[in-house]
Enquirer: 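My questions all concern the structure below.
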Amino acid sequence: MMNLELSEQEMIRRQSLVELRKLGIDPYPAAKYEVNATTEEMLSKFDPEKNNFQEVSIAGRITGRRIMGSASFVELQDDKGKIQVYFKRDNICTEEDKTLYNTVFKKLLDIGDIIGVKGNVFITKVGETSVNVTEFTILSKSIKPLPVVKEKDGKTYDAFSDPEQRYRQRYVDLIVNPQVKEVFIQRTKIMNTMRNMFNDRGYLEVETPILQAIPGGAAARPFITHHNALNIPLYLRIANELYLKRLIVGGFDGVYEFSKDFRNEGMDRTHNPEFTVMEIYVAYKDYNWMMEFTEEMLEKVALALHGKTTVKIGNNEVDFKAPYRRLTMIDAIKEHTGIDITGMNEDQLRQVCKDLNIDVNDTFGKGKMIDEIFGEKCEGHMIQPTFITDYPVEMSPLCKKHRDNPELTERFELMVNGKELCNAYTELNDPIDQLERFQDQLKLSEKGDDEAMFIDHDFVRALEYGMPPTSGMGIGIDRLTMFMTGQESIQDVLFFPQMRPEKKAQKDDATAYTQIGIPEEWVAVFQKNGYNTVEGMKDVNPGALHQKLCGTNKKHKLGLQNPSQDDVKTWIENIK
RNA sequence: GACUCAAUAGCUCAGCUGGUAGAGCACAUCCCUUUUAAGGAUGGGGUCCAGGGUUCGAGCCCCUGUUGGGUCACCA
């Protein structure tokens, strides 16, 4: 019996599977299929004068069909694009028997099926490069109808555009929306460009633990999990900084990692609970060197993607050509508020915040207030890449104090389009200072700051053995990809953004129905008619229900013995 | 977390003042036989997100919830 939960189109496609097998055709064959050309190659390199591509073998998904009797055109999509494929009955079926064309191709193939074809490339009367098919093979039958997206002169018709469906069923999005695929190809290109640059300089790509006993290296709320054998809590990492610096202690002069980090915080257009960060640490360097390194890296990435250094982000054109402007945090505040906060104490700063209408409370220390002023009044104005340098020491417990001013640290963030893109330090390698800074964090935590850092004593111990002067930099890959590809939502640069689980309608199982006397084979018929729970049927009119049941039996040719009106009446009475 | 918008056929969307649920694409049947989002004709397809309420009557009005989008807050 057909599954009554299926749509009509799905039932028809499942029936096609049966028909194909009857004809001796396996809709899911095991054998490999030899491919010797891509759509991209054929479209760009076919030349009728050279008469090339005369024995191609290609494979892909059917995304459109135009059938006109004994001649048909099919859109075949492979990894690289689409090409038109021409099926002519008498080319496919050279003998008397025309089943392969009339039945298999015309009736049993559908949009969405994956097929292999052999033939020769030619140009049609209307001038489109096409493949003339002499032989085709079904490689995988599709039994769920694909959205059909059409396009003409850059205008898209019937786009598959519901964000929920696009993110939940990314596979469908990728099939029907080619521009989506492009974003992810570029994402990989961004990472490869960076990786190549680091490798060329001899830095080592490494891997460090995702499950950490102390989630360090950043201020954020972690996910917590539990290890059964050790019977201890473990945290999913919020950063990999402390582990990479241990490797610098261990004697590597340059290490980097593309890491998935996890933060148990809000989700919005720019935050996903798991996200990708690249962190790099280089020994014997300082943050001035790292600024130059970062500029060079971003310029390379922009060039690799676009062939030029300018990128359009929203309404802004951002130029990643090095060098970028450098501005201290204090100067940035002076520039955007007119207030010079140099040397101010906590009370004076609190007054400044009040004057600027910035919300602060008593738990805020000096550093956090300065950061608030910057975030509120300056950050949004930094459209072109700008290095903001010299952050207050309270905000940066892993960063070395500024060589000229102990209240500041040698830290920079790179601001692009009003958002933070990179964060970098001259790393703190003084173990005694580091321990004190961790202890200050503990005090903040006691004061009520729920995202202050934990003390990592093993990390301090590593520093006690001596870490060379080092500069480190972290960059959010998701955000970078958004900038570089012009996407406005993080969900558009992640294949599988986090979503709430899908919920299915609640249904009673078959025993609930059989308990009131309904034969098991009728349960699906009840549910097809919307009676998903027995409880929900207690007030229905038995006569109307009887008609619906018999109607469904007839319509879907189920061949069941219809119940009598009295049967139905008894079932309903049994509920009470 | 707050506010706000949305959810109707496989997809994209209409649906008036509350009165028998519609279109295009897709699908099926037949005809045509080199088309370009588009060949022609006919037809089938619905838990109008779920659950309550108001009403003679709810896709539409009210309440609660679910999922998603947007804005803000929190958060880097």
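Sequence lines set the chain letters: A, B, ... in the order given, protein chains first and strands last, and positions in each chain run from 1.
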Enquirer: Of the nucleotides B:U34, B:U36, B:A76, which has the atom closest to the A:Ala219 side chain?
Expert: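 Output: B:A76.
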Enquirer: When you measure from the side chain of A:Asp268, which nucleotide among B:A76, B:C74, B:U36 comes out closest?
Expert: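 Closest nucleotide to the A:Asp268 side chain: B:C74.
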Enquirer: Measure from the side chain of A:Lys368, starting at C-beta and using heavy atoms only, and say which of B:U34, B:C75, B:U36 lies closest.
Expert: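 Among B:U34, B:C75, B:U36, the one nearest the side chain of A:Lys368 is B:C75.
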Enquirer: Counting only N and O atoms by type, is there a donor-acceptor contact under 3.5 Å from the side chain of A:Ser489 to the main-chain atoms of A:Gln491?
Expert: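 Yes, A:Ser489 side chain to A:Gln491 backbone: donor-acceptor pair under 3.5 Å.
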Enquirer: Phosphate oxygens OP1/OP2 of B:C30: is one of them under 4.0 Å from a side-chain N or O of A:Lys107?
Expert: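 Indeed, a polar side-chain atom of A:Lys107 lies that close.
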Enquirer: Dot-bracket for RNA chain B: what is it, with Watson-Crick or G-U pairs under 3.5 Å, [ ] where a pair crosses earlier ones, and | for a pair to another strand?
Expert: (((((((..((((.....[..)))).(((((.......))))).....(((((..]....))))))))))))....
Enquirer: If I take atom CE in residue A:Met267 and atom P in nucleotide B:G70, what distance separates them, rounded to the nearest angstrom?
Expert: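 These atoms are roughly 11 Å apart.
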Enquirer: Does A:Arg269 have a side-chain nitrogen or oxygen under 4.0 Å from the phosphate oxygens OP1 or OP2 of B:G70?
Expert: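 So the side chain of A:Arg269 is outside the cut-off, no N or O lying under 4.0 Å from OP1 or OP2 of B:G70.
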Enquirer: Of the non-hydrogen atoms in A:Glu427 and A:Glu241, which two are nearest, and what is the gap between them?
Expert: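 The pair with the smallest heavy-atom distance is OE1-OE2, 3.3 Å.
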Enquirer: Any side-chain N or O of A:Arg166 less than 4.0 Å from the OP1 or OP2 oxygen of B:G68?
Expert: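 No, A:Arg166 has no side-chain N/O under 4.0 Å of OP1/OP2 on B:G68.
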Enquirer: Examine A:Arg411 relative to A:Tyr391 and say whether NZ or CZ is less than 6.0 Å from the centre of the six-membered ring and inside a 45° cone about the ring axis.
Expert: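 So A:Arg411 does make the cation-pi contact.
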Enquirer: A:Lys125 has a side chain; which of B:U34, B:G68, B:U35 sits nearest to it?
Expert: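 Shortest atom-to-atom distance from the side chain points to B:U34.
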Enquirer: For a quick test of reading the model: is some side-chain N or O of A:Arg500 closer than 4.0 Å to OP1 or OP2 of B:U67?
Expert: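 Checking A:Arg500 against B:U67: at least one side-chain N or O falls below 4.0 Å of OP1 or OP2.
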Enquirer: Parallel, tilted or perpendicular: which fits the ring planes of A:Phe136 and A:Phe87, with parallel below 30° and perpendicular above 60°?
Expert: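 Answer is perpendicular, since the angle exceeds 60°.
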Enquirer: Between A:Gln491 and B:G69, does any side-chain N or O lie under 4.0 Å from OP1 or OP2?
Expert: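 It does, given that an N or O in the side chain of A:Gln491 lies less than 4.0 Å from OP1 or OP2 of B:G69.
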Enquirer: Considering only B:U35, B:G69, B:U67, which nucleotide approaches the side chain of A:Arg66 most closely?
Expert: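 Closest nucleotide to the A:Arg66 side chain: B:U35.
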Enquirer: Whether the side chain of A:Thr481 engages the backbone of A:Arg479 through a donor-acceptor N/O pair (distance < 3.5 Å, no angle test) should be reported.
Expert: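 Such a contact is absent between A:Thr481 side chain and A:Arg479 backbone.
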Enquirer: Within 45 degrees of the ring normal and closer than 6.0 Å to the centroid, is that where the cationic atom of A:Arg65 sits relative to A:Phe105?
Expert: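 Cation-pi check for A:Arg65 and A:Phe105: passes.
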Enquirer: Let's see if you can work this out: which of B:A28, B:A26, B:U36 has an atom nearest to the side-chain heavy atoms of A:Ile12?
Expert: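 Selected nucleotide: B:A28.
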Enquirer: Determine whether any donor atom in the side chain of A:Thr124 lies under 3.5 Å from an acceptor atom in the base of B:U36, or the reverse, and answer yes or no.
Expert: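 Flag set: donor-acceptor pair detected.
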Enquirer: Nearest-Å distance, CE (A:Met329) to C1' (B:A76)?
Expert: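 These atoms are roughly 12 Å apart.
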Enquirer: Nearest of B:U34, B:U67, B:A76 to any side-chain atom of A:Tyr86?
Expert: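 Nearest to the side-chain atoms of A:Tyr86, counting from C-beta on, is B:U34.
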Enquirer: What integer distance in Å separates A:Glu372:CD from B:A76:P?
Expert: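 Rounded to the whole Å, the gap is 11 Å.
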Enquirer: Summarise how protein sits on nucleotides 6-15 of chain B as a single string, 5' to 3': B when a protein heavy atom is under 4.0 Å from the base, S for sugar-phosphate-only contact, - for no contact.
Expert: ----BSS---
